[in-house]
There are 2 protein chains.
Amino acid sequence: MAGLREQKKAETRKAIIKSAVQLFSKKGFEKTSIEDIAKAAGIGKATVYTYFSAKSDIFMTYCDDELEEAFTDLKKPKDDGVTLLNQLIEFFMIKFNFITQNHEFGRQLLREMLFPKQVDEKVKEHDQRYFDFLYELFFAAQERGELADDQDLYQLSVHFFSLYLGILAGWYGGYVDSVEEIENWMRDLFSQVFKGIGR
Amino acid sequence: MAGLREQKKAETRKAIIKSAVQLFSKKGFEKTSIEDIAKAAGIGKATVYTYFSAKSDIFMTYCDDELEEAFTDLKKPKDDGVTLLNQLIEFFMIKFNFITQNHEFGRQLLREMLFPKQVDEKVKEHDQRYFDFLYELFFAAQERGELADDQDLYQLSVHFFSLYLGILAGWYGGYVDSVEEIENWMRDLFSQVFKGIGR
DNA sequence: AGACAAAGTCGAACGCAGTCGAGTTTCTCA
DNA sequence: TGAGAAACTCGACTGCGTTCGACTTTGTCT
């Protein structure tokens, strides 16, 4: 009779995630209490902690799945005649639109991913895929002659990723309020890297 | 008798910061409770909240006070062949060292400042001071001829600030583990902006 | 089947950030 | 100078995340 227990556990686990996600998107992460989640899932408060180590853990588990999905959407290769600048803008705008789809979720996810309580291998793995993706973009551009030959492509990924972070912080900090503005900022900042600011 | 009250307030304020900093460095940010701080400062718990809006606000204020001094120094000397690049690195390294002097606290503060629950005018003001400071640095550099004339200096502040964020994320994400490496990254990324990456 | 262990459950309790509102001190102005 | 207003103080309270430990269910071995 292997698995009666296991099956139940899996169900409860799913129920917790489901209730949590519903409540998070309805009331926000901070406003949703563990007790709310437990009640909605039909279990006791303490039981939640046999499935998840902390509140944020529930959230991150859910996000792992979502991120996986988001990544597969992104895989389409770009055709020729496109510049690296435009490719980068497209790439990061997709990321931006995905993560800000739900303001509350995006905020929480960014907090967890960028400033985690302890280093999470899963997040690292995820980041790595994005960096690899960017690397390929840069490599192709270098072949096309759009980039100087001596560029460290990994460093370049970090550079653009940082700019993307700055833009996200601007969004969440209330400095930018429309998606159009976001795209403008992206274009301006990215162009700055290409051109250089010295004289 | 103008100021008996004011004077007392200023003293209490200082006492809170002093006690808080002592306790933070002895026990760590999270392990220090507001009650501990209040007791050490010889006041009631609730009184702390008439001086500071939250626990993190205490440390933020402390940082600002301390950094103020360091940064005015940075702005003054210019005759010797100091370059904008080095000024920027010094500026951000001071910030970095300060905010990461307590790992846990820095993490929490960054989360709160970059992806706040709700837009906080106090934080915006805080940011503004640093942007203004950078602006001055850029302006002086432009006068010296280190920057192209058509640069939008505000945009430049955003650019370097973003790079700084990326570096912080690298630190908290476990991608970089020594301060030396941090400085190298900073130098490399910043240089990239000056030179430009195109060809 | 029965009995012992292991795993799972959950209400109660803890520690802490932040708020409330009643009491106290300082200021102001007639 | 004194009385009413304004500012300040703080113990008690609320709400929440997380842990504890007593209780219940499931699995296993003879």
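Naming: A, B, ... by sequence-line order, numbering from 1 per chain. Note that this is a predicted model, so its numbers are computed, not measured.
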Checklist outcome for this item: Ordered by number, residues from residues 32-53 of chain B within less than 4.0 Å of DNA chain D (heavy atoms) are B:Ile43, B:Gly44, B:Ala46, B:Thr47, B:Thr50, B:Tyr51
Item to check | Separation of D:dC8 P from B:Arg13 CZ (nearest whole Å) | outcome: 12 Å
Checklist entry - Do B:His103 and B:Phe29 have their ring centres less than 6.0 Å from each other? => result no
Next on the checklist: Just verifying a value: how many Å separate B:Met93 CE and B:Ile167 CD1, rounded to the nearest 0.5 Å?
Outcome noted: 8.5 Å
Item to check | Cation-aromatic face contact B:Lys124/A:Tyr175, 6.0 Å, 45 degrees | outcome: yes
Item to check | Rounded distance in Å - CZ (A:Phe29) to P (D:dG15) | outcome: 20 Å
Next on the checklist: Are A:Phe59 and A:Phe105 an aromatic pair, judged by ring center distance below 6.0 Å?
Outcome noted: yes
Item to check | Nearest-nucleotide comparison on DNA chain D, the residue closer to the 5′ end among B:Thr12 and A:Lys55 | outcome: B:Thr12
Checklist outcome for this item: Between CZ of B:Phe59 and P of C:dA17 the distance, given in whole Å, is 15 Å
Checklist entry - Looking at B:Phe138 versus B:Phe160, is the centre-to-centre ring distance below 6.0 Å? => result yes
Item to check | Nearest-angstrom distance from the residue atom NZ of B:Lys8 to P of C:dT24 | outcome: 15 Å
Checklist entry - Can you check the B:Ile16 CD1 to D:dT9 P distance for me, whole Å? => result 9 Å
Checklist entry - Quick one: B:Lys9 NZ to D:dA6 C1', roughly how many Å, whole number? => result 12 Å
Item to check | B:Phe71 and B:Phe91 aromatic centres sub-6.0 Å | outcome: yes
